[in-house]
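As structure tokens, the structure follows; a few thoughts come after it.
Please read these numbers as outputs of a predicted model, since none were measured by experiment. Every chain is numbered from 1, with letters handed out A, B, ... down the list of sequences.
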Amino acid sequence: MKEEELRQKSFEAMMVEELKEFQIKLSKKVKLFPLEREPGLIAGCDVGYFENGLAKGAIVVMRYPEFKIIETVDSIEKITFPYIPGYLSFREAPLLLKVFQRLKNRPDLILVDGQGIAHPRKAGLAVHLGVELEIPTIGCAKKPLLKFEGELPKERGSKLPVYLTGELSGYVVRTRTGVSPLFVSPGNLITPEEAVEWVLKTAVKFRMPEPLREAHRLSMIRT
DNA sequence: GCGACAG
DNA sequence: ATCTTGTCGC
């Protein structure tokens, strides 16, 4: 391993210890309360990566249940914080929060491409955004961060609970029959069951919920 | 110590 | 995330 890489590794190890404390404090601010109202405006957000450390944060707001896009905002910027498993929010949240500031509409619910409380310290990207914005958020990841047990039936709608030290943190959810499941957990201001409910209500045609699909598509376009 | 590890 | 070929199915 090169000199520079070793130096980078030790730098990360130092930062991680402080960021871990931040995550623990953040997780204590999470409120797993039921939604206060039926979401009429649902947003999806994602970050796409390009060369030279450039990344594009994209947010798409849709009207439910028509799934009509009423607003989109995005921004391309250079991201320097590295990807460290368990610390994704420190890489993506700053950019997404900045893009959120330019949103004219205030979503009733935000779907996030990443984990919610189904995280080693209950501090996934959806938690970070949800606590910061004080808007209900759902973590909707394509891969798990926590271990789970059991066999998930192949039918759409089937789910398995995911626990962290005995506490329910989220669910593995099949949004389409025969496709790989999503890992759903609350970010803030929503219950685990409602998180699953709204992921299934918005994933009507594909594996990913419509708002997330659109945000992902937008984030991939380099303009 | 070893393996696992969102995007 | 990105790289990377063929293949299965609507």
Side-chain angles (χ1 to χ4, degrees), chain A residues 8-9 12-13 15-17 19-20 22-23 26-27 30 44-59 74-99 110-132 137-149 154 156 160 162-165 169-173 175-188 192 195-196 199 204-209 211-222:
Chain A
Q8 181 63 30
K9 286 295 180 185
E12 285 183 16
M15 295 313 296
V16 160
E17 285 310 307
L19 299 181
K20 188 174 290 183
F22 181 91
Q23 293 185 321
L26 193 66
S27 69
V30 171
C45 64
D46 195 12
V47 175
Y49 294 92
F50 303 106
E51 71 293 348
N52 304 319
L54 290 179
K56 180 177 182 182
I59 300 171
D74 58 73
S75 179
I76 294 182
E77 287 176 28
K78 191 148 189 167
I79 284 188
T80 57
F81 196 89
Y83 166 65
I84 304 174
Y87 299 86
L88 177 67
S89 74
F90 297 104
R91 179 172 167 78
E92 303 193 340
L95 172 57
L96 290 174
L97 287 171
K98 190 170 180 179
V99 177
I110 301 168
L111 294 168
V112 181
D113 195 320
Q115 313 289 352
I117 60 172
H119 174 285
R121 289 165 296 284
K122 306 180 191 177
L125 177 58
V127 168
H128 200 133
L129 296 177
V131 168
E132 202 74 44
T137 55
I138 295 175
C140 190
K142 296 180 288 298
K143 293 177 181 177
L145 204 45
L146 300 181
K147 294 304 169 187
F148 62 94
E149 297 181 345
K154 68 182 192 321
R156 165 185 158 87
L160 287 176
V162 178
Y163 300 96
L164 174 63
T165 60
S169 63
Y171 291 93
V172 179
V173 183
T175 55
R176 296 291 289 175
T177 298
V179 305
S180 53
L182 293 182
F183 301 84
V184 181
S185 62
N188 194 24
V196 171
V199 161
V204 292
K205 198 173 174 54
F206 302 96
R207 176 168 84 124
M208 298 301 287
L212 269 184
R213 257 191 114 241
E214 287 304 317
H216 183 257
R217 197 170 63 76
L218 224 193
S219 75
M220 299 279 283
I221 303 173
R222 186 209 168 90

*Assess whether side-chain contact (heavy atoms from CB on, under 4.5 Å) is satisfied between A:F90 and A:M15, documenting all intermediate values.*
CA-CA 11 Å; A:F90 297 104; A:M15 295 313 296; over 6 Å; no
*Approximate separation, where rounding is to 0.5 Å, of A:I117 CD1 and A:N188 CG*: 10.0 Å
*Using the benzene-type ring in the case of Trp, are the ring centres of A:H119 and A:Y87 under 6.0 Å apart?*
no
Do any N or O atoms of the protein come closer than 3.5 Å to N or O atoms of nucleotides 1-7 of chain C, and which pairs are they?
{"residue": "C:dA1", "atom": "OP2", "partner": "A:K142", "partner atom": "NZ", "Å": "3.3"}
{"residue": "C:dT2", "atom": "OP1", "partner": "A:Y49", "partner atom": "O", "Å": "3.4"}

*Using 4.0 Å as the upper bound for N to carboxylate O, is an ion pair formed by A:K56 and A:D46?*
no
*Spacing of A:F148 atom CZ relative to B:dC5 atom P, expressed in whole Å*: 11 Å
*Can you tell me how far C1' of B:dA4 sits from CD of A:Q115, to the nearest Å?*
14 Å
*asked:* Determine whether A:F148 and A:Y163 satisfy the following criterion, side-chain contact (heavy atoms from CB on, under 4.5 Å), listing intermediate values before the conclusion.
replied: CA-CA 7 Å; A:F148 62 94; A:Y163 300 96; over 6 Å; no
*asked:* Between C1' on B:dC5 and CZ on A:R121, what's the gap in Å once rounded to a whole number?
replied: 11 Å
*Would you classify A:P144 as touching base, sugar-phosphate or nothing, given that sugar-phosphate means primed atoms plus P, OP1 and OP2, and contacts are heavy atoms under 4.0 Å?*
sugar-phosphate
*Looking only at atom types and distance, does a side-chain atom of A:S75 sit under 3.5 Å from a main-chain N or O of A:G57, one as donor and one as acceptor?*
no
*Would you say the side-chain atoms of A:R91 pair up with the backbone N or O of A:I79, donor to acceptor, closer than 3.5 Å?*
no
*In whole angstrom, give the distance that lies between atom CG of A:L146 and atom C1' of B:dC5.*
11 Å
_If only side-chain N and O atoms count, and only distance matters, is there a donor-acceptor pair under 3.5 Å linking A:R207 with A:S180?_
yes
*With a 4.5 Å limit on heavy-atom distance, are the side chains of A:L88 and A:Y83 in contact?*
yes
*Which of these nucleotides, B:dA4, B:dG7, B:dA6, is closest to any side-chain atom of A:P85?*
B:dA6
*Please say whether the positively charged group of A:R213, taken as NZ for Lys or CZ for Arg, lies over the ring of A:F206, i.e. under 6.0 angstrom from the six-membered ring centre and within 45 degrees of the axis.*
yes
*Measuring from A:I59:CD1 to A:C45:SG, what's the distance to the nearest 0.5 Å?*
6.0 Å
*For A:F183 and B:dA6, is the gap between ring centres under 5.5 Å while the planes differ by less than 30°?*
no
*Rounded distance in Å - CG (A:L145) to P (B:dC5)*: 9 Å
*Starting at atom CG of A:L95, determine the distance to atom C1' of B:dG7, rounded to an integer number of angstrom.*
13 Å
*Return the value, rounded to whole Å, for the distance between atom CD1 of A:I84 and atom P of B:dA4.*
20 Å
Between the protein and nucleotides 8-10 of chain C, list every N/O to N/O distance that falls short of 3.5 Å.
none

_Base-pair map of DNA chain B as dot-bracket, where | denotes pairing with a different strand and pairs are Watson-Crick or G-U under 3.5 Å_ = .......
